[in-house]
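Below: one structure, written as structure tokens.
Indexing begins at 1, ligand by ligand and atom by atom, following the structure's order. Quick caveat, the model's predicted, so the values are computed rather than measured.
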Amino acid sequence: MTYKKIERTESAHDYQLLIKQILKTPLVHAPEQEIVYRGKQRFTYRELGERINRLANALTALGVTPGDTVAVMDYDSHRYLECFFAVPMLGAVLHTINVRFSPEQILYTIDHAEDDVLLINADFLPILDHVKGRIDTVKKFVLLQDEDAHLPRTHIEFAGEYEALLAAAEDRFDFPDFDENTRATTFYTTGTTGLPKGVAFSHRQLVLHTFGVLASLATPAVQGRFHREDVYMPITPMFHVHAWGMPYIATMMGVKQVYPGRYVPEHLLELIGSEKVTFSHCVPTILHMLLKSPKVDEIDLSNWKVMIGGSAMPKSLCLSAMKRGVDVFSAYGMSETCPILTLAHLQPGQLALSAGEQAEIRCKTGIPIPLVELRTVNDGMTDVARDGNAVGEVVVRTPWLTQGYLKDTKTSEKLWAGGYLHTSDVAWIDEQGYVKITDRTKDVIKIGGEWISSLELEDVISAHPAVGEVAVIGMPDDKWGERPLALVVPKPSPHGNVTAKEIVHHIVDYSDRGMIGKQVVLVKVRFVDAIDKTSVGKVNKVGLREKYL
Ligand code: AMP
């Protein structure tokens, strides 16, 4: 079939979706709005705009040109936000380094991404001492230092200190126009085995992700809604998938933003109270830490909305947050997907449901946001039934997926087999369109040939009042092929005086009531002191299997 092309006038402007466009609106309608760092420093959006221009001039003076890579090692800060804009707006690539990687992994990512300039917080300098003399690509280092921070001894020679460089630079920069498909960001996934894998996103992808996520977040009348009167504070690191893209969204909206620096639960709670934070996002572990902090009783959390992602939110955690008035709901995505794919908002009328019924929905993985095509498929790429029961692998298409892993054709082909990005997540979709992840393909437990969901079993076990934390892995079994092994961290006494038998009884009770499959009664319970986590706070199942099996 031939299609008619739209005719273009000779002088028509071909508008490219560039990150610099996101910054224009707030500078017009919210120039005096605040951006706060650790409750200690305050900037207006007008100043943010000026500082982004100054940073672009400073980086240019250091020799950065389009196509170069500028890496950052910092906590969540106003500086990081400035880099989110200035670096890609120059036509350079922003490499957000995972500061929780080991020094060797960090060295690997710096080399692999071919970083030209590295901006580093004084606190992370000791990491570079471990790899002294082995960083080949970086030509210039810039020091990021808080006023009250101590500068450790270091072998690094700095081209300058961030604030001094900004102060000396002009506050106007003429940001160029270029192709919207230009690479804007890159970072490395937090695989627990093997080398980290690099993903990359273009200007077009980040702009479309900003609009897609915002369209979904702004749709509900009240619940989980992000709007211009919100006060935003990230509690997922900015190095991890652009803090889920939310700093771009918050900036475009011109809302008050609070960047907390290093994550200390008491300090985060203090900021939520003093800065009147209303919208955040974090992994379940962080929410758990905040709710367990002795400080939590002093802070009113009833105006706080929190998007929970990175791993499944246990229902018990959701209920304890809801008890404090927190509007919690799930979000789902991965490093490879920019990241957001689904959000678990309630539907109209569902706020009238009981807390338990609401938690059921809030803990689902969510409904695909605009422009996301999400399928659950079997090995032959055929869709499985959308009946809330049949499970398949989640495969997706959206305009904001990484096009492959950097310099790794083989794994990239596998990621994109059949023209869809393979998430390696196993899920069902129900009649209302909600997706629910039941496992990672690698974490699935097969008992006598039947799949059981380790996440579902973890949810049931964590509902026991004496259980602090739990992770379920599959252990080899002669008769059944595999059996679930539940690693349980008990709560401190008096709640913690629990036996393995009592936990198994608790599971059997759920199974007898038809709430979980019969095979789970084969579970073996083992008490442990702690559950190992990955660098972004997720349960490290690969590590747990190595340790306990
Ligand atoms: P990462 O690339 O480190 O962000 O990890 C992405 C993976 O985290 C996904 O493929 C899922 O396995 C898991 N994940 C993220 N969000 C959720 C969620 N809401 N529920 C369950 N698993 C999730």
Side-chain angles (χ1 to χ4, degrees), residues 96 98 100-101 105 185-194 196-201 209 213 216 224 236-246 281-287 306-315 317-318 328-345 359-369 372 374 376 391 393-396 400-402 405 411 415 420-429 434-444 453-459 462 471-472 533-543:
T96 57
N98 182 341
R100 297 190 200 142
F101 274 165
Q105 283 177 316
T185 59
T186 191
F187 57 92
Y188 287 76
T189 60
T190 51
T192 44
T193 53
K197 293 195 288 283
V199 292
F201 298 95
H209 180 265
V213 177
S216 184
T236 33
M238 293 174 88
F239 65 70
H240 191 213
V241 218
H242 332 101
W244 302 359
M246 286 302 298
H281 44 85
C282 62
V283 294
T285 319
I286 295 265
L287 181 63
V306 190
M307 223 158 63
I308 298 292
S311 29
M313 168 160 58
K315 201 170 160 195
L317 179 65
C318 180
V328 268
F329 59 103
S330 302
Y332 161 60
M334 57 197 295
S335 302
E336 289 82 344
T337 64
C338 201
I340 298 183
L341 298 171
T342 71
L343 292 176
H345 282 131
E360 204 63 56
I361 303 164
R362 291 169 186 266
C363 290
K364 284 184 184 173
T365 310
I367 292 182
I369 65 171
V372 173
L374 185 150
T376 39
V391 292
E393 189 193 0
V394 176
V395 296
V396 284
W400 51 75
L401 307 177
T402 195
Y405 295 115
T411 323
L415 179 72
Y420 280 82
L421 185 140
H422 288 250
T423 63
S424 294
D425 289 316
V426 178
W428 48 250
I429 302 178
Y434 283 96
V435 179
K436 173 87 179 179
I437 293 181
T438 57
D439 253 312
R440 299 281 293 159
T441 46
K442 288 172 273 308
D443 297 338
V444 150
S453 160
S454 63
L455 298 184
E456 203 177 39
L457 187 49
E458 283 166 10
D459 224 14
S462 65
V472 174
K533 305 275 170 24
T534 67
S535 65
V536 285
K538 300 186 194 192
V539 172
N540 181 353
K541 293 219 170 160
V542 177

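Compare Ser335, Ser311, Gly310 by their heavy atoms: the one nearest to atom 2 (O) of ligand 1 is in Ser335. The option with the heavy atom closest to atom 12 (O) of ligand 1, from among Asp425, Thr441, Thr337, is Asp425.
No donor-acceptor pair closer than 3.5 Å links the side chain of Glu336 to the backbone N or O of Thr402. Remark: side-chain polar atoms of Thr438 are paired, donor with acceptor, to backbone N or O of Val426 under 3.5 angstrom. The backbone N or O of Val394 sits nowhere less than 3.5 Å from a side-chain atom of Asp425 that would complete a donor-acceptor pair.
Under 4.0 Å from ligand 1, heavy atoms of Met334 appear from its side chain as well as its backbone. Proximity of Ala331 to ligand 1, defined as any heavy-atom pair under 4.0 Å, is confined to the backbone N, CA, C and O atoms. When non-hydrogen atoms are compared, ligand 1 lies under 4.0 Å from neither the backbone nor the side chain of Met313.
Close contacts of ligand 1 with Lys538, meaning ligand atoms under 4.0 Å from a residue heavy atom, involve 1 (P), 3 (O), 4 (O), 5 (O), 6 (C), 7 (C), 8 (O). Below 4.0 Å from some heavy atom of His240 lie the following atoms of ligand 1, by number and element: 1 (P), 3 (O), 4 (O).
Of the polar atoms of Tyr332, none of the N or O atoms is found under 3.5 Å from an N or O of ligand 1, judged by distance alone. Between Arg440 and ligand 1, at least one pair of N/O atoms sits closer than 3.5 Å.
Arg100 is linked by a salt bridge (charged side-chain N to carboxylate O under 4.0 Å, His left out) to nothing, counting only residues two or more places apart in sequence or in another chain.
Between Phe329 and His345, the distance separating the two ring centers is shorter than 6.0 angstrom.
Using cut-offs of 30° and 60° on the angle between ring planes, the pair His242 and Phe201 is perpendicular.
Between Thr534 and Val539 the shortest heavy-atom distance is CG2-O, 4.3 Å.
At a 4.0 Å cut-off, not a single heavy atom of Gly366 sits close enough to ligand 1 to count as contact.
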